[in-house]
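Quick notes on the structure that follows.
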Amino acid sequence: MAWGGGGGGGNANSVEAWEKRLLANDPTFTSLHILSFRRITSSELGRVFAALHHNTTLQELYASGHPLDSADDDNNTTAKTLALALEHNRTLKRLNVGHDQLGSNEVLCKILAEGLRKNMGLERLDLENKGLGGRDEQGTSNSSLRWLAEALAGNQGALKEVNLARNKLTDRDMAVVCEALAVSSGSPHGTLQKLDLSLNAFEEAGTRSIAELLARQVQGGLTEIDLSDNEITEEGGRAIGRALETNTSLQRLRMSACMDPPLPVEQGSDEDKIRWDDTVQVLNRALTQDQILEIRTDGDAVLESIAQSLGSSNQTLQELWMDDCNISSVGATYLADALRHNRGLMTVRMRNNQIGNRGARALGAALCNTGAVDTHNTTLKNLELGSNKVGVLGWHGLVIADALESLGLYENQISVLHEALEEHHLQQQQQPPVAASGIANGHSAIAASEGVLSKLAHLDVGCNGISREDYTQLGVCLIKGLLPSLIRLEIAGNGDRSQVPPQQPGDGEDDDQDEEGGSGGGDDEQSAWERLTLRIEEARPNLAIHWKGAGAMQQQQS
């Protein structure tokens with residue numbers, strides 16, 4: 001690999017050196033990154049492109065941020081050199097060239113498109129932030145985008161991934177792209193699998209074009225699409241959900257930050273209490289229709305449409321990302337109902353929403369073995385619910401999800417973990433509680449709990465307000481054998497050092513200090529967490545605990 005950053009690289013990072021290695025087919029020269037701040041002329045780029053013509057070693061070329069031709073080059077010489085190289089080179093797999101004004105030169109884009117159409121080797125084309133979006137004065141889509149879209153449709157090589165993120169693509173632009181890809185997906189030579197459309201400017205109409213494309217795709221079509229950070233609106237999102245009814249190719253759908261943010265709720269209002277369900281009595285009562293209508297958001301409506309497809313016909317989708325989509329407990333419940341019948345979905349990511357305790361408990365119940373036929377999902381392995389206002393009562397509902405392998409609960413309100421683990425463990429084992437007031441070295445593990453997150457390998461509970469005492473009790477559970485499959489625990493950002501006095505001269509880690517409480521020097525909290533962690537890891541040698549920075553957040557803010 002070579003990095004063209006300029007300065008300190010010597011002759012090894014000169015254009016002459018790259019050209020020489022390409023022409024000699026240097027077997028160690030498989031990747032070249034020419035960083036955007038590197039000074040390189042279009043004619044020098046042309047020399048690199050010309051050396052690719054017969055090269056059989058370079059697999060990756062990134063030259064983003066550099067114009068392909070100078071302003072006074074009316075013949076687009078460098079672009080023609082690249083296009084010719086693409087026609088003949090079958091070794092290059094990943095390509096990213098051009099700067100953020102590439103799309104404004106339609107002649108140049110047409111030349112580049114011809115090379116891409118005839119190329120037989122590229123697998124990944126990165127056109128992020130190349131100025132391809134927008135409309136001209138007549139309101140038609142940019143011709144540069146049309147040339148490139150048609151090239152993608154006509155490519156009969158190995159192209160699998162295309163990145164069109166950050167191009168300000170409009171609704172009209174998406175119609176052009178989808179029209180071209182519809183032709184490609186119907187071709188026996190079509191190989192495109194991944195399409196990144198994130199951070200663009202299309203809205204409902206553009207999303208409908210995408211939905212129409214997806215609805216017609218069967219096995220062999222797109223397997224992954226990213227629509228994140230676009231204003232797709234509720235109706236556009238529901239169209240995507242309906243498209244999943246007939247789509248049998250898409251495996252990964254990412255549509256984060258596509259809904260309007262939630263309206264602020266006054267603290268302590270009745271609506272707030274309904275949303276967060278902070279008592280068992282409230283949680284045990286089903287929501288009324290009026291409450292559902294009051295809570296239901298546009299994100300819930302979109303998730304309902306997706307869930308209907310997942311719960312009925314679609315068993316192909318494996319991964320769903322809906323971070324920042326204004327989803328409440330109502331939407332989480334729609335998804336939970338679908339999971340009882342779906343056997344395809346393996347990963348759900350819904351960070352920074354508002355599912356609360358009720359939504360977390362609904363999802364946990366769908367993943368719990370109740371003994372009933374066709375009501376227990378064992379396929380979902382990864383669930384990410386960071387920043388969702390989930391509290392201790394929500395955690396009680398999640399610990400019964402016996403098939404989960406990864407659970408993310410970063411920045412929620414779960415200050416106590418051990419009580420739910422012990423309670424459900426005792427319920428299932430039907431044995432009296434094991435007394436444990438602290439952690440002792442050499443404590444032997446007992447039989448692990450069955451069905452209490454028994455397959456969980458990764459747990460993230462960072463920034464949940466977990467105290468040192470609660471961490472101690474969690475450690476007791478871990479040493480006793482609960483969470484038997486856990487190999488990674490993320491618990492940083494907890495603890496509280498804000499009330500601990502500064503360390504005084506002569507204070508040290510060997511002071512006589514009760515590690516479960518009491519006061520000491522300024523390092524008391526940090527050293528106590530460290531000792532607890534070491535003892536847990538001694539008893540569970542396969543478990544790695546990431547705790548560094550415990551209490552640091554509170555300390556910095558105090």
Side-chain angles (χ1 to χ4, degrees), residues 351 382-387 390-392 395 398-399 404-422 436-443 445 453 456-500 502-503 507-511 513-558:
R351 270 200 171 200
N382 310 296
L383 182 59
E384 173 54 66
L385 298 175
S387 303
V390 177
V392 174
W395 167 246
L398 287 168
V399 298
L404 281 181
E405 296 177 2
S406 177
L407 177 58
L409 293 166
Y410 175 81
E411 202 177 37
N412 277 290
Q413 301 163 3
I414 309 170
S415 56
V416 180
L417 288 93
H418 64 277
E419 291 178 355
L421 295 174
E422 291 176 335
S437 59
I439 296 179
N441 283 323
H443 195 298
L453 292 176
L456 194 70
H458 178 204
L459 174 63
D460 185 352
V461 286
C463 294
N464 268 273
I466 299 169
S467 69
R468 186 204 318 174
E469 290 76 13
D470 289 323
Y471 181 37
T472 301
Q473 294 304 317
L474 173 62
V476 171
C477 291
L478 295 173
I479 290 176
K480 285 163 54 178
L482 276 74
L483 304 182
S485 301
L486 198 66
I487 60 175
R488 183 181 180 93
L489 172 63
E490 305 274 357
I491 198 167
N494 290 293
D496 186 0
R497 299 178 63 188
S498 61
Q499 303 302 318
V500 178
Q503 185 175 9
D507 289 341
E509 292 185 4
D510 296 330
D511 292 342
Q513 157 67 31
D514 179 6
E515 63 192 33
E516 293 193 44
S519 61
D523 285 340
D524 175 67
E525 179 85 354
Q526 193 86 352
S527 60
W529 275 72
E530 183 172 11
R531 290 194 299 271
L532 290 168
T533 301
L534 288 174
R535 292 185 180 181
I536 297 169
E537 291 181 332
E538 285 175 1
R540 297 278 296 265
N542 294 326
L543 172 61
I545 301 178
H546 298 262
W547 65 276
K548 294 290 186 180
M553 181 176 297
Q554 293 96 320
Q555 186 182 36
Q556 291 172 359
Q557 294 176 349
S558 62

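Values below: all heavy atoms of this structure, side chains included; hydrogens, waters and symmetry mates excluded.
Atom-to-atom distance recorded for Leu409:CG and Leu459:CG is 6.5 Å, nearest 0.5 angstrom. Separating the CD1 atom in Ile414 from the CD1 atom in Ile466 is a distance of 8.0 Å, to the nearest 0.5 Å. Distance check, rounded to the nearest 0.5 Å: OG1 of Thr472 to CG of Leu532 gives 4.0 Å. To the nearest 0.5 Å, atom CG of residue Leu417 and atom CG of residue Asp470 are 8.0 Å apart. Going from atom CG of Leu486 over to atom CG of Leu453 covers 9.0 Å, rounded to the nearest 0.5 Å.
Considering only heavy atoms from C-beta on, Ser387 stays 4.5 Å or farther from Arg351 through its side chain. Using a 4.5 Å cut-off on side-chain heavy atoms (C-beta onward), Leu383 and Leu398 make contact. Residues Asp524 and Arg468 form a side-chain contact, since some pair of their non-hydrogen atoms from C-beta on lies under 4.5 Å apart. Annotation: side chain of Leu474 is in contact with side chain of Ile491 (closest heavy-atom distance under 4.5 Å).
Nearest heavy-atom pair across Pro541 and Glu538 is CD-O, 3.9 Å. Heavy atoms only, all atoms of each residue included: Leu543 and Leu489 are closest at CD1-N, 4.1 Å. Smallest separation of non-hydrogen atoms from Arg540 and Ser485: NH2-N, 4.5 Å. Considering every non-hydrogen atom in both Cys477 and His418, the closest pair reads SG-CB, 3.6 Å.
Applying the salt bridge (charged side-chain N to carboxylate O under 4.0 Å, His left out) test to pairs two or more places apart or on separate chains, those with a residue in residues 484-494 are Arg488-Glu490.
When atom types are taken as modelled, the side chain of Asp460 and the backbone of Glu384 share no donor-acceptor pair closer than 3.5 angstrom. For Asn412 (side chain) and Asn464 (main-chain N/O), no donor-acceptor pair under 3.5 Å exists by modelled atom type.
With respect to Leu407, the side chain to side chain contact (heavy atoms under 4.5 Å, CB included) criterion is satisfied by exactly one of Val399, Val461, Leu456: Leu456.
Every residue two or more places apart in sequence or in another chain that forms a side chain to side chain contact (heavy atoms under 4.5 Å, CB included) with Val392 is listed here: His396, Ser415, Val416. Listed by chain and residue number, Tyr471, Glu537, Ile545, Trp547 satisfy the side chain to side chain contact (heavy atoms under 4.5 Å, CB included) test with Thr533 (two or more places apart in sequence, or in another chain). In this structure Ser406 satisfies the side chain to side chain contact (heavy atoms under 4.5 Å, CB included) test together with Asn382, His458, sequence neighbours excluded.
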